[in-house]
Protein chains: 2
Amino acid sequence: MPKMINHDQKRKLIAEAAWKIIENEGIEKASIRRVAAEAGMSPGALRHYFSTKDEMLLFIIEYFIEEGKKRSDHKEWSKNPLQAVEEVLLELVPIDEEKKIETSVWWIFAFRSLTSDALKEKKDEMTDGTYDLANSMIKILTLKGILSDSVNADLESSRLSALVEGLSFHALLRPDVYPPEKVKEVISYHLKTLYNK
Amino acid sequence: MPKMINHDQKRKLIAEAAWKIIENEGIEKASIRRVAAEAGMSPGALRHYFSTKDEMLLFIIEYFIEEGKKRSDHKEWSKNPLQAVEEVLLELVPIDEEKKIETSVWWIFAFRSLTSDALKEKKDEMTDGTYDLANSMIKILTLKGILSDSVNADLESSRLSALVEGLSFHALLRPDVYPPEKVKEVISYHLKTLYNK
DNA sequence: AAAGATAATAACACACTGTATTAAAAAAAG
DNA sequence: CTTTTTTTAATACAGTGTGTTATTATCTTT
């Protein structure tokens with residue numbers, strides 16, 4: 001029988017190599033050949049672990065979502081629900097270099113998903129995820145009595161998730177006009193308008 | 001002297017050819033060679049009118065923004081200011097096939113602008129444009145007494161433009177979850193929450 | 001009308017990209 | 001040691017954007 005190799009571990013190694021390139025040279029430089037070189041293997045070898053680039057992108061996204069989750073699990077949230085909600089939402093916005101990269105990867109991923117069936121499923125999963133998160137926030141605010149329970153939770157959630165997504169978009173495109181403080185201000189403002197409505 | 005040819009007219013011809021391809025086969029198919037073939041010329045000939053692809057993209061964007069402006073100039077807006085504002089905002093969201101294409105072109109354009117200096121200026125111009133439009137809408141609502149003049153117009157405009165951008169994003173990515181009616185509903189809902197605040 | 005200038009074009013070459021195929025190498029089990 | 005299967009390497013292919021070169025075509029000037 002052949003050499004026993006932990007496939008998933010090797011895939012993670014490749015994902016880290018790819019991430020490194022994306023971080024330093026931008027996502028458009030993360031070609032299969034380039035990633036393979038960074039991971040210390042031949043393109044053919046990489047192809048053995050990811051038979052297509054979309055597959056690789058998919059794994060990278062999944063891997064670093066996992067990492068992000070671990071990060072936020074170790075985080076301590078404010079006791080104040082309004083503030084805690086704000087903190088959670090800020091996790092979705094590119095207010096630091098790491099989140100900027102994540103956002104731009106998510107962006108190119110989303111765009112590719114429009115024409116790649118392999119990515120569609122994950123795209124749906126992820127867009128559902130942001131909605132669900134927004135929905136959770138709305139529910140928390142309702143439970144805490146900050147938001148009246150007469151409001152349409154679905155509409156509020158759609159509005160909130162769109163707002164956050166749009167802010168991400170603007171913050172990434174116009175970091176000069178939308179610095180972290182500004183983004184925080186808008187989110188904070190939005191949450192305040194929900195107060196006792 | 002050489003043959004006198006209307007450069008701009010030829011560029012428009014190329015832009016139309018490119019648009020046709022984008023419309024039917026997606027923007028990723030709109031390569032220089034492909035566009036040249038569609039426009040009935042050689043790649044080298046096209047290069048004579050656009051020395052780089054970014055230049056071509058730039059022109060396409062500008063050309064079809066102009067077309068969009070002409071379209072909306074001929075449009076009749078509601079007398080009711082709240083409804084008129086809603087109608088204007090809906091012009092920015094991919095609720096029909098034409099706007100879907102425009103949005104996805106804008107999307108890829110914005111992404112490219114992150115790594116292409118040639119596109120940066122236009123990107124800024126366009127993002128400013130969406131903010132300015134949102135700002136105009138807020139001002140109108142304030143003038144009409146629908147929105148209290150004590151609100152922070154800048155924050156309100158930022159929020160509105162982010163909301164619209166985010167809705168565009170979601171509508172393009174998840175047309176099943178965000179059909180036109182849903183998008184309209186969210187925008188309409190948002191405008192209602194502004195009422196007399 | 002002939003000559004000259006230059007815009008317009010075509011035909012390449014170059015270094016990339018993702019994908020696919022093929023043959024060689026390596027490693028574990030019998 | 002032989003066999004079996006995985007892993008690797010080396011290519012090939014069609015496509016991309018970009019750049020260079022030489023040719024063609026056309027209008028103005030002499």
Side-chain angles (χ1 to χ4, degrees), chain A residues 1-15 17-18 21-22 24-61 105 108-109 111-120, chain B residues 1-15 17-18 21-22 24-61 105 108-109 111-120:
Chain A
M1 283 287 263
K3 186 181 176 184
M4 292 301 287
I5 284 203
N6 187 334
H7 262 230
D8 216 56
Q9 194 173 322
K10 209 126 195 181
R11 285 156 78 100
K12 282 179 184 173
L13 190 149
I14 294 170
I21 296 173
I22 294 171
N24 297 324
E25 308 168 42
I27 193 169
E28 72 281 356
K29 295 284 178 186
S31 68
I32 287 181
R33 286 168 178 84
R34 184 75 188 74
V35 171
E38 185 73 36
M41 57 177 75
S42 73
L46 190 147
R47 188 172 163 64
H48 199 260
Y49 296 101
F50 298 110
S51 59
T52 166
K53 186 167 187 181
D54 282 351
E55 248 180 56
M56 188 177 84
L57 255 178
L58 209 55
F59 186 84
I60 292 176
I61 287 266
V105 171
I108 192 79
F109 179 88
F111 191 80
R112 280 180 79 112
S113 76
L114 290 180
T115 51
S116 160
D117 287 335
L119 304 184
K120 276 205 169 65
Chain B
M1 284 288 265
K3 188 181 176 184
M4 292 303 286
I5 284 205
N6 188 332
H7 262 231
D8 216 56
Q9 193 174 322
K10 209 126 195 181
R11 285 156 77 100
K12 283 179 184 174
L13 189 149
I14 295 170
I21 296 173
I22 293 171
N24 297 324
E25 307 168 44
I27 192 170
E28 72 282 356
K29 295 285 178 185
S31 68
I32 287 181
R33 287 168 178 81
R34 184 75 187 72
V35 171
E38 185 73 35
M41 56 178 73
S42 72
L46 190 147
R47 188 173 164 65
H48 198 259
Y49 297 101
F50 298 112
S51 59
T52 164
K53 186 167 186 181
D54 282 351
E55 249 180 56
M56 187 177 84
L57 255 178
L58 209 56
F59 185 85
I60 293 176
I61 287 264
V105 171
I108 192 77
F109 179 88
F111 191 80
R112 278 179 81 112
S113 76
L114 290 179
T115 52
S116 160
D117 287 335
L119 305 184
K120 277 204 169 65

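Quick note on labels: first sequence line is chain A, next is B, and so on, each numbered from 1.
Here the P atom of nucleotide D/dT8 and the CZ atom of A/F50 are 13 Å apart, to the nearest Å. In this structure, the CG atom of B/L119 is 14 Å from the P atom of D/dG17, given to the nearest Å. Regarding B/D54, its CG atom lies at a distance of 6 Å from the P atom of D/dT18, rounded to whole Å. Protein atom CG of A/L46 is 12 Å distant from nucleotide atom P of D/dA9, rounded to whole Å. As rounded to whole Å, 8 Å separates atom P of D/dG17 from atom CE of B/M56. Here C/dC16 presents its P atom at 9 Å from NZ of A/K29, a figure rounded to the nearest Å. Atom pair A/Q9:CD and D/dT7:P shows a separation of 13 Å (rounding to whole Å applied). When rounded to the nearest whole Å, the span between NZ of B/K10 and C1' of C/dA7 equals 11 Å.
Remark: A/K29 NZ is loosely packed, at most 12 non-hydrogen atoms of other residues, nucleotides or ligands lying under 6.0 Å away.
The side chain of B/A45 sits closest to C/dA10 out of C/dA8, C/dA10, D/dA9. Among D/dT18, C/dG18, D/dT8, the nucleotide with an atom closest to any side-chain atom of A/I32 is C/dG18. Nearest to the side-chain atoms of B/R33 among the listed nucleotides C/dT19, D/dT16, D/dA9 stands D/dT16. If you check D/dG19, C/dA8, C/dA20 against the side chain of B/R47, the one that comes closest is D/dG19.
A/A17 approaches A/V35 most closely through the heavy-atom pair CB-O, 4.2 Å. Nearest heavy-atom pair, A/I60 versus A/A18, reported as atom, atom and distance to 0.1 Å: CD1-CB, 3.4 Å.
When the side-chain nitrogen and oxygen atoms of B/Y49 are compared with OP1 and OP2 of C/dT9, one or more of them lie within a distance under 4.0 Å. Applying the 4.0 Å criterion to OP1 and OP2 of C/dA8, one finds that B/H48 has a side-chain N or O inside that range. Proximity of B/K53 to the phosphate of D/dG19: no side-chain N or O atom is located under 4.0 Å from OP1 or OP2.
Toward the 5' end of DNA chain D, the nearer of the two residues A/S42 and B/T52, judged by each one's closest nucleotide, is A/S42.
Separation of the A/F50 and A/F59 ring centroids falls under the 6.0 Å cut-off.
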Test log, rule side-chain contact (heavy atoms from CB on, under 4.5 Å), inputs A/H48 and A/K10: CA-CA 11 Å; A/H48 199 260; A/K10 209 126 195 181; over 6 Å; no
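Contact annotation for A/S31: backbone-only contact, meaning every heavy-atom pair under 4.0 Å involves sugar-phosphate atoms and none involves a base.
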